[in-house]
Amino acid sequence: MPIFVHEEATIHYEVHGHGFPLLLISPGGMNSTVEMWARATINPLEVYRDDFRLIAMDQRNAGKSTGPLDVADPWGSFAGDQLALLDHLGVSTFHVMGCCIGGSYVLKLIEQAPARVVSGVLQQPIGIIDDNSHLFDAMWRSWGADLTDKRSDIKTQTVEEFGSRMWDGDFVVSVSRDFVRSCPTPMLVLPGVDQFHPTTTGREIAALAQRAEVFEPWKDTLEHSDQAVEAVRLFLRSHTPA
């Protein structure tokens, strides 16, 4: 796996296939790594290898990627890594597909670089609703405890400030409903079906955004999952620049 150094962050990434670039942001919460795609219902590294130039990465402080904790702008620091990697690879415009936490990263990328993101696919996006915030709290605290065990340069107080800042909110956390409502970027949303990935959140994203489509059901049967794979392929192809 190649290594890219961006400021104080070291990012591990992979590139597969040819064609128009498709950035892949994997599931796994704070442990979003290339390997986590193998657990997704739709694994783009398997099904879209012949369609696009696939760019996958371990997010900062997940897997083999490392870096400082940007307490002032947690979500922005991840988006900065993602955009810097694309710059490193000579990619100006791109599609992006995110699963789980990747959906929130997709929306943050669109906010940060609207002219560069041609389209976005959100597979079972996360969402904080009334009865599930404790799940995300436990998730980032577990990640933080592991991180401080491995890294003597990162203190518990810094993790507390970082995690609290990153996960303080509702909806998709990374951006506001007002931003999604104003967003003209084409999106395809495949809503989730569990507490981490509430169906209501996926549907709300699709309802708010100006040019969003929703595809469901897609996880309940193998037939529907196969149909979703093709729907994503057709969506991305339809928005690929000539």
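Just so you know, these numbers use all the heavy atoms, side chains as well, and skip hydrogens, waters and symmetry mates. Quick caveat: nothing in here was measured; it's all calculated off a predicted structure.
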#### Entry: Test side chain to side chain contact (heavy atoms under 4.5 Å, CB included) applied to D51 and L236, step by step
CA-CA 9 Å; D51 299 282; L236 292 172; over 6 Å; no
Where [X] and [Y] come nearest, the two heavy atoms and their spacing:
X: M166; Y: P74; value: CB-CB, 3.6 Å
X: I55; Y: P21; value: CD1-CB, 4.3 Å
X: G127; Y: T201; value: CA-OG1, 3.5 Å
X: G28; Y: M36; value: CA-CE, 3.6 Å
X: P241; Y: V118; value: CD-CG1, 4.2 Å
X: R60; Y: S77; value: NH2-O, 3.9 Å

At what distance, to the nearest 0.5 angstrom, does [atom1] of [X] lie from [atom2] of [Y]?
X: F20; Y: L54; atom1: CZ; atom2: CG; result: 12.5 Å
X: Q82; Y: L109; atom1: CD; atom2: CG; result: 4.5 Å
X: E111; Y: S176; atom1: CD; atom2: OG; result: 7.5 Å
X: D137; Y: W167; atom1: CG; atom2: CH2; result: 10.5 Å
X: L23; Y: Y13; atom1: CG; atom2: OH; result: 13.0 Å
X: S174; Y: Q112; atom1: OG; atom2: CD; result: 10.0 Å

Can you find a side-chain donor-acceptor pair between [X] and [Y] that sits under 3.5 Å?
X: S119; Y: H95; value: yes
X: Q124; Y: K219; value: yes
X: H197; Y: D194; value: yes

Less than 4.5 Å apart, any side-chain heavy atom of [X] and any of [Y]?
X: V172; Y: F179; result: no
X: I205; Y: P125; result: yes
X: S164; Y: W140; result: yes
X: F162; Y: I154; result: no
X: I42; Y: M97; result: yes
X: W143; Y: N31; result: yes
X: M30; Y: N61; result: no
X: V193; Y: E216; result: no

Between [X] and [Y] (side chain of the first, backbone of the second, donor and acceptor by atom type, cut-off under 3.5 Å), is there such a pair?
X: D58; Y: V34; result: yes
X: R116; Y: F94; result: no
X: S26; Y: T33; result: yes
X: R233; Y: V47; result: yes
X: D153; Y: P68; result: no
X: D70; Y: D73; result: yes
X: H12; Y: K64; result: yes
X: S238; Y: F235; result: yes

Should [X] and [Y] be regarded as members of a common hydrophobic cluster, given that ILVMFWY residues are connected when their side-chain heavy atoms come within less than 4.5 Å of each other, either directly or indirectly?
X: L24; Y: V15; result: no
X: F215; Y: L122; result: no
X: F4; Y: V96; result: yes
X: L208; Y: I110; result: yes
X: V229; Y: V121; result: yes

### Message
Looking at K150 and D146, is there a salt bridge between them, counting it only when a charged N and a carboxylate O are closer than 4.0 Å?
### Response
no
### Task
Evaluate the side chain to side chain contact (heavy atoms under 4.5 Å, CB included) criterion for residues L45 and H16: first the C-alpha distance (whole Å), next the side-chain angles of each, then the deciding distance (0.1 Å), finally the verdict.
CA-CA 8 Å; L45 290 168; H16 303 280; 3.8 Å; yes
So does [X] have more than 12 non-hydrogen atoms from other groups sitting under 6.0 Å from [atom1]?
X: H18; atom1: NE2; value: no
X: E35; atom1: CD; value: no
X: R151; atom1: CZ; value: yes
X: E8; atom1: CD; value: no

### Message
One pair to check against salt bridge (charged side-chain N to carboxylate O under 4.0 Å, His left out): E160 and K155. What are the steps and the verdict?
### Response
CA-CA 9 Å; E160 179 71 22; K155 306 305 180 184; over 6 Å; no
### Message
Could you check whether F78 and Y105 have their ring centres less than 6.0 Å apart?
### Response
yes
### Task
Please lay out, stage by stage, how V232 and Q123 fare under the test side chain to side chain contact (heavy atoms under 4.5 Å, CB included).
CA-CA 10 Å; V232 170; Q123 180 184 170; over 6 Å; no
### Query
Can you name the side-chain contact (heavy atoms from CB on, under 4.5 Å) partners of D220, sequence neighbours left out?
P217, H224
### Query
Going by the angle between their ring planes, with limits at 30° and 60°, are Y48 and F52 parallel, tilted or perpendicular?
perpendicular
### Query
Under the side chain to side chain contact (heavy atoms under 4.5 Å, CB included) criterion, do W75 and V173 qualify, and how do the steps go?
CA-CA 9 Å; W75 290 101; V173 195; 3.8 Å; yes
